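Note sheet for the following structure.
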Number of protein chains: 2
Amino acid sequence: MDSSLEPKVEIDLLKLDNQLCFPLYAASRMLTKAYQPFLLALDLTYPQYLVFMLLWEHEQLTVKELGEKLMLDSGTLTPLLKRMEQKQWVSRRRDPDDERSVIIGLTPAGQALQTQACRVPEQLLEKLDMSPTEISALRTQLTHLLAQLT
Amino acid sequence: MDSSLEPKVEIDLLKLDNQLCFPLYAASRMLTKAYQPFLLALDLTYPQYLVFMLLWEHEQLTVKELGEKLMLDSGTLTPLLKRMEQKQWVSRRRDPDDERSVIIGLTPAGQALQTQACRVPEQLLEKLDMSPTEISALRTQLTHLLAQLT
DNA sequence: CAGTATTTAGTTGTATACAATTAAACATTG
DNA sequence: CAATGTTTAATTGTATACAACTAAATACTG
């Protein structure tokens with residue numbers, strides 16, 4: 001009796017519904033989409049918004065530091081930062097003390113954008129209808145998962 | 001005393017560390033990367049693997065049905081499915097009963113791939129060092145979040 | 001100090017994502 | 001049944017992601 005059910009366990013692991021990966025993948029994309037209307041009003045993409053959050057906090061960061069914090073490499077960041085430079089939001093210059101590094105800094109326009117953006121997080125939270133406790137718990141678990149994967 | 005601390009609340013919401021979105025975004029990409037070595041051995045990308053999981057379960061699905069289940073539109077799926085067709089894994093044909101729809105079916109090679117893939121989920125779980133309870137709890141919360149965003 | 005190794009961005013090529021538009025097939029309605 | 005509206009994929013254009021490679025600068029080492 002039991003043996004006839006055994007193989008089913010393995011098969012079911014291949015079902016989309018039983019995966020951890022798919023809800024994570026889908027939720028990430030949908031959450032990014034939820035930001036869209038607010039970010040579009042600022043002419044920002046979601047990864048650009050992440051870069052801004054770091055620069056608003058740290059003023060100046062090298063491409064390497066941005067890459068470490070965002071877990072993105074130069075293949076992604078260089079073109080992204082060039083687009084942000086074209087929009088006059090950030091400056092890109094070699095570090096005089098180490099010409100290998102490129103320092104990304106905020107322009108006045110980039111600074112000013114913080115004022116417009118400061119309401120984005122709350123606007124998004126309103127969309128969610130989750131308690132701060134729930135959100136905090138989810139963040140904790142995701143951070144834990146992330147640590148496993150690093 | 002208290003009033004001088006008030007504004008800090010809003011500012012902190014703009015810090016990367018306090019966001020829900022970033023851990024979600026990063027964990028999703030890192031988990032996808034964790035699949036890489038296993039999927040590379042099958043010459044698969046992660047979204048292609050998701051399509052396969054659905055087709056192994058359902059045998060045949062239209063582009064629209066795949067799009068609903070994966071929350072992806074034809075702009076993403078059409079080129080992805082064309083690449084899968086080129087690799088002889090799936091067939092693409094118009095539905096005779098409704099020429100607007102395109103039915104995606106598995107070829108024998110696509111069927112056969114299931115045998116190779118069936119160990120992927122367990123191999124990935126080994127990487128995680130999370131209890132089934134933890135994983136299940138995370139999936140539940142992500143599914144709940146996903147529902148909020150739909 | 002010369003030669004080698006490492007670090008850092010940038011470049012190239014491929015594969016998603018997704019908004020906006022197009023085109024064909026089907027459905028609806030007067 | 002003709003005109004209009006809707007549905008479904010495909011196409012176009014832009015922006016990530018990321019592996020693999022390149023090039024320049026710096027660090028290291030005998």
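Not measured: the values here are computed from a predicted model. These values consider heavy atoms only, across backbone and side chains, with no hydrogens, waters or symmetry-generated copies. Every chain is numbered from 1, with letters handed out A, B, ... down the list of sequences.
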Are B/L72 and B/L66 close enough, and set up right, to give a side chain to side chain contact (heavy atoms under 4.5 Å, CB included), and what steps lead you there? CA-CA 8 Å; B/L72 292 170; B/L66 282 171; over 6 Å; no

Using modelled atom types only, decide if a donor and an acceptor are shared between the side chain of B/T140 and the backbone of B/S136 within a distance under 3.5 Å. yes

Using a 4.0 Å heavy-atom cut-off, does A/T45 contact any base of the nucleic acid, only the sugar-phosphate backbone, or nothing at all? sugar-phosphate

Can B/L142 and A/L138 be said to form a side chain to side chain contact (heavy atoms under 4.5 Å, CB included), step by step? CA-CA 8 Å; B/L142 288 171; A/L138 183 50; 4.1 Å; yes

Which label fits B/Y46 and B/Y35: parallel for a plane angle under 30°, tilted from 30 to 60°, or perpendicular past 60°? tilted

Any sub-3.5 Å donor-acceptor pair from A/K127's side-chain atoms to A/A34's backbone N or O? yes

Can you list, in residue-number order, the parts of residues 24-35 of chain B that come under 4.0 Å of DNA chain D, counting heavy atoms only? B/Y25, B/R29, B/K33

Strictly by modelled atom types, are A/Q111 and A/E59 linked by a side-chain donor-acceptor pair under 3.5 Å? yes

Base, backbone or nothing for each nucleotide of nucleotides 2-8 of chain D, written B, S, -, heavy atoms under 4.0 angstrom, 5' to 3'? -----BS

So what does A/L80 touch, heavy atoms closer than 4.0 Å: a base, only the sugar-phosphate, or nothing? sugar-phosphate

Give the rounded distance in Å between these two atoms: CG of B/D73 and C1' of D/dA10. 11 Å

Between the side chain of B/E134 and the main-chain N/O of B/S131, is any donor-acceptor distance below 3.5 Å? yes

At under 4.0 Å, does any side-chain N or O of B/T78 touch on OP1 or OP2 of D/dA10? yes

May I ask you to decide if A/L54's main-chain N or O and A/E57's side chain share a donor-acceptor pair within less than 3.5 Å? no

A/R94 side chain to A/E99 main-chain N or O, any donor-acceptor pair under 3.5 Å? yes

Starting from P on D/dC18, measure out to CG on B/L44 and report it in whole angstrom. 18 Å

Select base, sugar-phosphate, or nothing to describe what B/L72 touches, counting heavy atoms under 4.0 Å on all strands. sugar-phosphate

If the condition is side-chain contact (heavy atoms from CB on, under 4.5 Å), which residues does B/A109 pass it with, not counting sequence neighbours? B/W89, B/T107

Most 5' of B/K82 and A/P47 on DNA chain D, judged by nearest nucleotide: B/K82

I'd like to know if A/K64 pairs up with A/E68 as an ion pair, taking the criterion as any Lys NZ or Arg NE/NH1/NH2 lying under 4.0 Å from an Asp or Glu carboxylate oxygen. yes

Interface residues of residues 85-92 of chain B with DNA chain C (non-hydrogen, below 4.0 angstrom): none

Outer limits of DNA chain C sitting under 4.0 Å from a non-hydrogen atom of chain A, read 5' to 3', are C/dT7 to C/dA19

N-O pairing of A/E85 and A/R92 below 4.0 Å: yes

For residues 108-128 of chain B, the ring pair (Phe, Tyr, Trp, His ring centres under 6.0 Å) pairs (sequence neighbours left out) are none

